[in-house]
> 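Here it is, the structure in full.
Residue numbering restarts at 1 for every chain, and letters A, B, ... go by the order of the sequence lines.
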Amino acid sequence: MNQSVYDIVTAIGKGETTARAVVAESLAAIAARDAQVRAFVCVDGEGALAAADEVDRRLAAGERVGPLAGVPVAIKDNICTLNLPTTCASRMLEDYTSPYEAGVVERLRSAGAIVVGKTNLDEFAMGSSNENSALFRTVNAWSPDRVAGGSSGGSAVAVAAGMVPCALGSDTGGSIRLPASFNGVVGLKPTYGRVSRYGLVAFGSSLDQIGPITRDARDAAIVLSVIAGDDARDSTNVRGRPFISGIADGETTPDPFSVGVASECFGEGLAGSVRASVEAGIGRLGELGAETVDIRLPHMEYAIACYYIIATAEASSNLARYDGVHYGHRTSRADDIFELYSHSRVEGFGAEVKRRIMLGTYVLSSGYYDAYYKKALQVRTLIRRDFEKAFEKVDVIASPVAPTTAFRVGEKTDDPLAMYLADVYTTSANLAGLPAISIPCGFDEDGMPIGLQLMGRWFEEDRLLAIAHRFLEGTDYNRLSPLCNPAR
Amino acid sequence: MSELIDEKLVRHVAHLSRLTLSESEMVDMRRELSAIVGYIDKLREVDTDGVPDTAHAAGATNVFRDDEIRESLAPDQALTNAPQSQDNFFRVPKVLDDGGA
């Protein structure tokens, strides 16, 4: 399906189509294409059509419907849904169905959105390629030899391949933006705390944030306006910060703005084609009226090290709950309580999850805590200060999303550290809690999509989205993947 | 720095992590952790004297609420994913020995 969220809402509102017809088209696209990319962990055709019929009934009866009435959405499978399993792409939760629903899913459903299925991810959202899923591997929507990107790879591929117009992902160190970049779609990580994480399976609690993956910026604004807002069930949720979208109502012109460019984001390891497209993208921002300003982010080079200490420390603590007692996998070969825990965990977790639990436990352990964990919390403050200083001079900061386009399947699976370095430009926004967006800005010599990252001040998603909207107008950087071409 | 990650340390951390790693996993883990720790050691270069820790990334502070009774999951809902349950309880294997009786 090639309609945007905006197109669907408008057409249903005018009575030009029905929710059932839209959802049926989404399900048909999934049936036709998902076997090639494997974005979905589960698809709920029957439930989705029943929900669509309910939207149509309400419309026919003249009852109020929400701002996403009849819009098919896909949900990353680490976000809890009633009636559908929530596996986190892990053996540990292979048979798990949540007894409660995530705040964002409640909000989507009450806005009239139709959940068509759950999407694949790196196990427990730990990975940059989707190759760490314990279920199966999702591949890139533009080439089956390339990785989908991670960890929200299933969600990005589902949107890029025209199976749904929007999907939710989660972003701890780049997990929305990286797969969005690799598949040529828009991915927004909101400001930390703006969107409730109630019902998001916890990975790195001081970093995790849920956000939309869509084809264009206006759709991202529409979805964000539904999912952002207060939720007393998430204690890190920042109160009194709803998102009201200007662009959805036709407000498309950002005020004159300045773009910061830091040389630290254009150094060694950046592929030539990515550099060229991102620089051209910054030039295009200039044509839209932006003033370009050189800035410094002197602690950027420490972001990955800082991130992998904090994220793994938090993961080691969050994943302690998987002990075979209350839910999740339980071993059948335990003779005592220690074995019940440790056999259940070693059987249930995959290699990358074990590696991160080990690293996180190490950096928190007696004798190493100050050298690693405490040090990382202090470096985190310095990274945040760099941004505070930069944002005194500029409105947004532009950089690549990733140093390369989607790499080849299997290319980095034997080298965890090389895989971590794919997140070199994305983790600092999580460490500082900033909103950041990945916008398609071109293609490399193999036709693989390239992403431009814009980071904004805390709670200034409206500015990022307005700029992104203007940036994409008149380009076809965000066109659907060749999978959608019926000639293939 | 990577020589710091010796076999004894890997075993110790695996124990703390409650992960019964196989011998081959221990070997791989030592190699991989050594590479990663060698990389994250670059934080040592940064002067952090007197720099405070980051607590909340967007600067939120405590939010207080009244301590009141609210709805929560019913026992039967909370038990729907239990590996084993009995009546309204999670059932686990016997973990205390019988004191030799």
Side-chain angles (χ1 to χ4, degrees), chain A residues 95-97 99-100 191-193 206-207 232 235-236 238-239 299 302 304-306 308-309 316 323-328 330 334 336-343 345-346 349 354-355 357-359 361-362 365 372 374-382 384 416-417 420 430-433 458-459, chain B residues 4-5 9-10 12-22 25 28-29 32-33 35-60 62-63 65 70 72-74 76-84 90-97:
Chain A
D95 302 315
Y96 180 79
T97 299
Y100 66 95
T191 306
Y192 180 74
S206 77
L207 305 157
S235 62
T236 59
V238 178
R239 307 298 158 82
H299 296 93
Y302 302 106
I304 288 274
C306 182
Y308 275 93
I309 292 171
S316 73
D323 58 5
V325 175
H326 297 98
Y327 55 91
R330 178 185 286 184
D336 59 34
I337 188 73
F338 185 88
E339 286 186 4
L340 176 71
Y341 298 154
S342 60
H343 289 334
R345 289 164 65 76
V346 90
F349 291 138
K354 289 175 194 168
R355 195 145 51 225
I357 290 173
M358 290 282 288
L359 180 62
T361 302
Y362 169 68
S365 66
Y372 293 113
K374 185 173 170 54
K375 184 86 178 179
L377 291 180
Q378 292 175 303
V379 173
R380 186 176 187 177
T381 301
L382 295 174
R384 183 194 163 93
L417 186 57
Y420 294 176
N430 301 80
L431 290 166
W458 294 268
F459 300 102
Chain B
L4 281 178
I5 310 288
L9 184 61
V10 175
H12 172 62
V13 173
H15 177 82
L16 292 176
S17 303
R18 298 295 183 270
L19 289 169
T20 319
L21 299 181
S22 67
E25 281 179 309
D28 291 346
M29 196 67 84
E32 291 156 358
L33 287 183
I36 297 165
V37 170
Y39 178 79
I40 64 178
D41 265 333
K42 73 188 271 147
L43 289 194
R44 290 174 197 268
E45 300 165 13
V46 187
D47 179 4
T48 53
D49 262 6
V51 177
D53 300 351
T54 288
H56 185 288
N62 282 346
V63 179
R65 62 167 173 81
R70 292 184 297 179
S72 60
L73 286 182
D76 60 319
Q77 290 175 301
L79 288 165
T80 51
N81 288 285
Q84 265 188 297
F90 293 94
R91 192 183 162 94
V92 291
K94 188 176 171 184
V95 293
L96 297 175
D97 67 30

> For A/T236, is it the side chain, the backbone, both, or neither that has a heavy atom closer than 4.5 Å to a heavy atom of chain B?
both
> Decide yes or no on side-chain contact (heavy atoms from CB on, under 4.5 Å) for B/V51 and A/V379, but give the supporting numbers first.
CA-CA 8 Å; B/V51 177; A/V379 173; over 6 Å; no
> Do the ring planes of B/F90 and A/H326 sit parallel (below 30°), tilted (30 to 60°) or perpendicular (above 60°)?
perpendicular
> Between A/Y362 and B/H12, does the ring pair (Phe, Tyr, Trp, His ring centres under 6.0 Å) criterion hold? Intermediate values first, please.
CA-CA 9 Å; A/Y362 169 68; B/H12 172 62; 9.6 Å; no
> Give a yes or no answer on whether the side chain of A/T361 reaches the backbone of B/V13 with a donor-acceptor pair at less than 3.5 Å.
no
> Measure across A/M358 and B/L33 and return the closest heavy-atom pair with its distance rounded to 0.1 Å.
CB-CD1, 4.1 Å
> Side chain, backbone, both or neither: which part of B/L19 has an atom under 4.5 Å from a heavy atom of chain A?
both
> Between B/E45 and A/Y302, do the side chains contain an N or O donor and an N or O acceptor separated by less than 3.5 Å?
yes
> A/G328 and B/P83: which non-hydrogen atoms are nearest, and at how many Å?
O-CG, 3.8 Å
> With sequence neighbours excluded, what pairs up with B/R91 under the side-chain hydrogen bond (donor to acceptor under 3.5 Å, both in side chains) test?
B/Q86
> Where does A/A376 contact chain B at under 4.5 Å (heavy atoms): side chain, backbone, both or neither?
both
> Does a side-chain heavy-atom distance below 4.5 Å link A/R330 with B/V92?
yes
> Output all residues satisfying side-chain contact (heavy atoms from CB on, under 4.5 Å) with B/R70, sequence neighbours left out; order by chain, then residue number.
B/R65, B/E68
> With no hydrogens and no angle check, is any side-chain donor or acceptor of A/R345 less than 3.5 Å from a backbone partner on B/R18?
yes
> Can you tell me how far apart CG (A/L382) and OG1 (B/T54) are? Round to the nearest 0.5 Å.
8.5 Å
> Between A/Y327, A/Y192, A/F349, which shows the greatest number of heavy-atom pairs under 4.5 Å with chain B?
A/Y192
> In Å and rounded to the nearest 0.5 Å, what is the OH to OH distance from A/Y308 to B/Y39?
10.0 Å
> Any heavy-atom pair between the side chains of B/L21 and A/K354 that's under 4.5 Å?
yes
> Could you check which of A/S342, A/C306, A/G433, A/S316 has the highest count of heavy-atom pairs closer than 4.5 Å to chain B?
A/S342
> Using non-hydrogen atoms only, which part of A/I309 is less than 4.5 Å away from chain B: side chain, backbone, both, or neither?
side chain
> Quick one: closest heavy-atom pair of B/T20 and A/V346, and the distance?
O-CG2, 3.1 Å
> Which residue out of A/N430, A/I357, A/D95 racks up the most heavy-atom pairs below 4.5 Å with chain B?
A/I357
> Of the backbone (N, CA, C, O) and the side chain (C-beta and beyond), which part of A/L431 lies under 4.5 Å from a heavy atom of chain B, both, or neither?
backbone
> Would you name the heavy atoms of B/A35 and A/L417 that are closest together and state the gap between them?
O-CD2, 3.8 Å
> Quick one: OH on A/Y372 to CD1 on B/I40, what's the gap to the nearest 0.5 Å?
5.5 Å
> Tell me, for B/D47 versus chain A, whether the close heavy atoms (under 4.5 Å) come from the side chain, the backbone, both or neither.
backbone
> Give the minimum heavy-atom separation between B/M29 and A/R355, together with the two atoms involved.
SD-CA, 3.8 Å
